[in-house]
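Below you'll find the structure, written out as structure tokens, and then a few comments.
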Protein chains: 2
Amino acid sequence: MSGTHADVPTLVSTPLPGPVPSDEYDRCPVTDVIRRVGDKWTLLVLVLLGRRAHRYNELHREIDGISQRMLTRTLRALEDDLLVCREVFPTVPPSVEYSLTPLGRSLLEPLSALADWAVENETEIAAARHRPTLETKNAR
Amino acid sequence: MSGTHADVPTLVSTPLPGPVPSDEYDRCPVTDVIRRVGDKWTLLVLVLLGRRAHRYNELHREIDGISQRMLTRTLRALEDDLLVCREVFPTVPPSVEYSLTPLGRSLLEPLSALADWAVENETEIAAARHRPTLETKNAR
DNA sequence: CCGGATCCCATACGATACTG
DNA sequence: CAGTATCGTATGGGATCCGG
């Protein structure tokens, strides 16, 4: 914060000569991470697992409205990226526990910074959305 | 960073009693912001505008592969959230200049933190993706 | 130069039913 | 308990053409 529009670290300061090549952009690690976390459930799952390890149905109960299908897919995707860890205990009936990996926990830090920004500027954003659709004449 | 898995600020530390209500979650400012930035082009547009103001076709040339439709939609959405500012100059032919609002610039800071994380852990993530699909027996 | 309107596809997501 | 399979719908996004 501090300065009104201080220099932003990397990202903005690094130069780019020509246009951004499309295929290079598709593989950009930054966009990649944001898009992966930007789906409907991933963030919430990460946050819940950041509090403590959960079993499958614990998550299913705590996340109101998620379908089994999406919970499974979300967990699998996170597991594939080594952000969450899946442990099967051979009890009967079997129980599966999900927890954050160190990598997953480290991701929660910058995510939390973003969350703080969102909360701080929540009212400003909300106010913007409720503007009278910008007159002119028809529906914009 | 520092500690391997230090406590993460807000987000994780605030308690939640019961399951997360679905409609409340839909309006969660944090998820809202992440999803808004998590589409295909928004982040790149924000970064480019973070460097300097751009005209419409400047952006179109710099962002290889974006369609006019999506560039316009992306800019409109950002404008609606007061993250970018649109100025029309009554020249002939008309020219339009886009720039970040103070709010938009402030968003770039937490976003940049996330970007740094992505770059730092790029290799680890990439390595995870290339695992031999996790044996067991069938195709998982 | 800066878009809007239209069509069309791929994917995200939800609902439901079934299984080891 | 912890999933998989199948379906249908909603949305994101590209291509193309049209207009002030």
Side-chain angles (χ1 to χ4, degrees), chain A residues 22-23 25-26 31-32 34-45 49 53-80 84-99 133-134 136-140, chain B residues 20 22-23 25-26 31-32 34-45 49 53-80 84-99 134 136-140:
Chain A
S22 54
D23 51 339
Y25 174 61
D26 281 340
T31 305
D32 198 48
I34 296 218
R35 298 208 68 179
R36 172 138 322 225
V37 175
D39 69 354
K40 189 165 186 179
W41 304 109
T42 297
L43 177 65
L44 183 52
V45 169
L49 292 183
H54 281 73
R55 297 189 35 193
Y56 182 88
N57 274 354
E58 278 184 311
L59 287 171
H60 196 204
R61 277 189 299 273
E62 284 206 57
I63 305 177
D64 188 56
I66 195 173
S67 61
Q68 289 193 331
R69 172 180 142 90
M70 287 316 296
L71 178 54
T72 300
R73 283 177 61 97
T74 302
L75 288 169
R76 288 283 181 276
L78 288 172
E79 192 192 350
D80 285 346
V84 322
C85 167
R86 177 177 186 264
E87 281 182 293
V88 183
F89 298 99
T91 60
V92 44
S95 65
V96 181
E97 191 172 277
Y98 293 93
S99 57
T133 26
L134 220 47
T136 48
K137 51 175 180 293
N138 50 17
R140 187 183 200 106
Chain B
V20 179
S22 54
D23 49 341
Y25 174 61
D26 282 340
T31 305
D32 198 48
I34 297 218
R35 298 207 69 179
R36 171 136 327 221
V37 175
D39 69 353
K40 190 166 185 179
W41 305 107
T42 296
L43 178 64
L44 182 51
V45 169
L49 292 183
H54 281 73
R55 300 204 19 209
Y56 182 86
N57 273 355
E58 277 185 311
L59 287 172
H60 196 205
R61 276 189 300 273
E62 284 206 57
I63 306 177
D64 188 55
I66 194 174
S67 62
Q68 289 193 334
R69 173 180 139 92
M70 286 316 296
L71 179 54
T72 300
R73 283 175 60 98
T74 302
L75 288 169
R76 287 283 179 275
L78 288 171
E79 192 192 348
D80 285 346
V84 321
C85 168
R86 176 178 187 262
E87 280 182 293
V88 183
F89 298 99
T91 60
V92 43
S95 65
V96 182
E97 190 173 278
Y98 295 91
S99 58
L134 218 50
T136 48
K137 50 176 180 293
N138 50 17
R140 188 184 197 104

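Just so you know, these numbers come straight off a predicted model, no measurement behind them. In what follows, chains carry the letters A, B, and so on, assigned in the order in which the sequence lines appear, proteins first and then strands, with residues in each chain numbered from 1.
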- Backbone of B:Gly38 reached by a side-chain donor or acceptor of A:Arg35 within 3.5 Å: yes
- Message: Around atom CZ of A:Arg73, are there more than 12 heavy atoms from other residues, nucleotides or ligands closer than 6.0 Å?
- Response: no
Does [N] have OP1 or OP2 sitting under 4.0 Å from an N or O in the side chain of [X]?
X       : N      : value
A:Lys40 : D:dT11 : no
B:Arg35 : C:dC13 : yes
A:Arg86 : D:dA2  : no
A:Tyr98 : D:dG3  : yes
A:Arg36 : C:dA12 : no
B:Arg73 : C:dG4  : no

Pairwise side-chain contact, [X] with [Y], heavy-atom cut-off 4.5 Å (strictly under):
X       : Y       : result
A:Leu78 : A:Leu49 : no
A:Thr74 : A:Leu44 : no
B:His54 : B:Glu62 : yes
B:Tyr98 : B:Val45 : no
A:Ile34 : B:Thr42 : no

- Message: Pick the closest DNA chain C nucleotide for A:Gly38 and for B:Tyr56 by heavy atoms, then say which residue is nearer the 5' end.
- Response: B:Tyr56
Tell me: [atom1] of [X] to [atom2] of [N], nearest whole Å?
X       : N      : atom1 : atom2 : result
A:Met70 : D:dT11 : CE    : C1'   : 13 Å
A:His54 : D:dG3  : NE2   : P     : 15 Å
A:Arg55 : D:dG3  : CZ    : P     : 10 Å
B:Glu97 : C:dC1  : CD    : C1'   : 14 Å

- Task: Answer with base, sugar-phosphate or nothing: what part of the nucleic acid does A:Phe89 contact at a heavy-atom distance below 4.0 Å?
- Result: nothing
- Which nucleotides of nucleotides 15-20 of chain C have their base under 4.0 Å from a protein heavy atom (B), which only their sugar-phosphate (S), and which neither (-), written as one string 5' to 3'? B-B---
